[in-house]
Protein chains: 2
Amino acid sequence: MHKYFTITELTREFGVSTRTLRFYEDEGLIHPERRGRTRLFRSADRHLIKEILRGRRLGFTINEIREIIEIYKGPPGELGQLQLMMTRVAEKRKQLNQKRQDIEDTLSELDHVDEACLARLAELRVGS
Amino acid sequence: MHKYFTITELTREFGVSTRTLRFYEDEGLIHPERRGRTRLFRSADRHLIKEILRGRRLGFTINEIREIIEIYKGPPGELGQLQLMMTRVAEKRKQLNQKRQDIEDTLSELDHVDEACLARLAELRVGS
DNA sequence: ACTTTCTTTTACGTAAAAGTCAATTTTTTG
DNA sequence: CAAAAAATTGACTTTTACGTAAAAGAAAGT
């Protein structure tokens, strides 16, 4: 079960360029193996890419995405580190809740716009 | 009720710089009045700024924000324009729903991390 | 073996979204 | 009304997140 992905497979799957994936590697977000000079991506990398792109869609910067990814790497052993991590999780949660609220607000304004459009359409049909 | 806001009042309220607000004006997103050269913001501008920042938090580009703002400007009269607008609303809604899904996914991963942290904490308390 | 197609590295380029600085107004306040 | 504080404009700089091009090594089909 050691399926490898080539870089172009992944670029096609996710609709990003090779440059982008290499950039993420330079940034230390993913760590594909090498056979000679060629990169070999495993499903762990593939999953990381998914998470990176998710963060990107949400408007997180690379550094913020890095933070989130590091959080995912699982809880550390030491107490202080654990507490620090839980603080960070709380912070991210707060940001995400803010974004969620922003989305709800925007969606509800779009609803109003939609209603106004429908009303105007109805007017047009009756014939103004 | 013609309350005007000065630029610094607004920068303080929203935590942005004057440069930022001028930038938004240059981009045609807001249109403060002028008394001489000084900008006078009305509550309509203030509200627009809120929406701009909301879009910014969601990772929309200035152009995307501009699109959203233009949508808010109310339905046009002509049929073709109306249909175009409703298409655009549908697109934005789709983007927002994607973002919402991304948020849910991320939040639930953070939940797992949190649980793992708590579990580890419990272990530590028992004494490993 | 040859051509085509991938891939890599290196390096420079760029667009978006402001930040920063400097030189003037303009406004406010003592 | 003079001095200080705030605002404006314009130019230049910065950061982020890649794009693009060149040159060359590797793989794979014919």
Side-chain angles (χ1 to χ4, degrees), chain A residues 2-42 45-46 48-70 92 95 99 102, chain B residues 2-42 45-46 48-70 92 95 99 102:
Chain A
H2 250 300
K3 221 278 178 180
Y4 286 114
F5 301 93
T6 74
I7 196 168
T8 29
E9 275 175 342
L10 294 180
T11 61
R12 276 176 199 145
E13 176 172 3
F14 295 116
V16 297
S17 69
T18 59
R19 179 72 181 81
T20 300
L21 294 184
R22 278 182 221 119
F23 174 70
Y24 293 154
E25 184 183 4
D26 286 347
E27 289 293 318
L29 298 179
I30 51 181
H31 301 282
E33 290 176 20
R34 293 296 179 109
R35 185 170 52 205
R37 304 173 114 191
T38 304
R39 290 166 177 80
L40 296 174
F41 295 79
R42 281 173 320 190
D45 298 305
R46 183 165 163 281
L48 272 176
I49 292 170
K50 268 191 202 173
E51 313 217 313
I52 294 168
L53 296 180
R54 206 165 65 195
R56 197 173 73 160
R57 281 194 299 273
L58 290 175
F60 284 113
T61 68
I62 292 294
N63 279 325
E64 289 169 325
I65 290 172
R66 198 199 321 281
E67 283 175 30
I68 294 175
I69 282 180
E70 270 163 27
K92 283 299 163 195
Q95 288 178 32
K99 282 180 202 277
D102 288 333
Chain B
H2 252 298
K3 220 277 178 181
Y4 286 114
F5 301 92
T6 74
I7 197 169
T8 29
E9 275 176 342
L10 295 180
T11 61
R12 276 178 198 141
E13 175 173 3
F14 296 115
V16 296
S17 69
T18 60
R19 181 71 184 79
T20 299
L21 294 184
R22 274 181 236 120
F23 174 69
Y24 293 152
E25 184 183 4
D26 286 347
E27 290 293 318
L29 299 179
I30 52 180
H31 301 282
E33 290 175 21
R34 294 295 181 107
R35 185 168 52 205
R37 303 174 114 192
T38 304
R39 291 164 177 80
L40 296 174
F41 295 78
R42 282 172 319 189
D45 298 304
R46 182 166 164 279
L48 272 176
I49 293 170
K50 268 191 202 173
E51 312 217 314
I52 294 168
L53 298 180
R54 205 165 66 195
R56 201 174 70 162
R57 281 193 300 272
L58 290 176
F60 284 113
T61 68
I62 291 294
N63 279 326
E64 290 170 324
I65 291 172
R66 198 200 319 280
E67 283 174 32
I68 295 176
I69 283 181
E70 270 162 28
K92 283 299 164 197
Q95 288 178 33
K99 282 180 202 277
D102 287 334

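A donor-acceptor pair under 3.5 Å is formed between the side chain of A:Glu64 and the backbone N or O of A:Thr61.
The distance from atom NZ of B:Lys50 to atom CD of B:Glu13, rounded to the nearest 0.5 Å, is 6.5 Å.
Between A:Thr11 and A:Thr8, the side chains place no donor N or O within less than 3.5 Å of an acceptor N or O (distance only, hydrogens not considered).
Distance CG (B:Asp26) to P (C:dG19): 14 Å, rounded to an integer number of Å. Here C:dA18 presents its C1' atom at 13 Å from CG of B:Leu29, a figure rounded to the nearest Å. Between B:Arg35 atom CZ and C:dT25 atom C1' there is a gap of 15 Å when expressed in whole angstrom units.
With sequence neighbours excluded, the residues satisfying side-chain hydrogen bond (donor to acceptor under 3.5 Å, both in side chains) with B:Arg54 are A:Thr106, A:Glu109, B:Tyr72.
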Under 4.0 Å protein heavy-atom contacts per nucleotide of nucleotides 5-19 of chain D, with B for base, S for backbone only and - for none: --SBB-B-----BBB
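For residues 16-31 of chain B, every residue pair satisfying the salt bridge (charged side-chain N to carboxylate O under 4.0 Å, His left out) rule, not counting sequence neighbours, is listed here: B:Glu25-B:Arg34, B:Glu25-B:Arg39, B:Glu27-B:Arg66.
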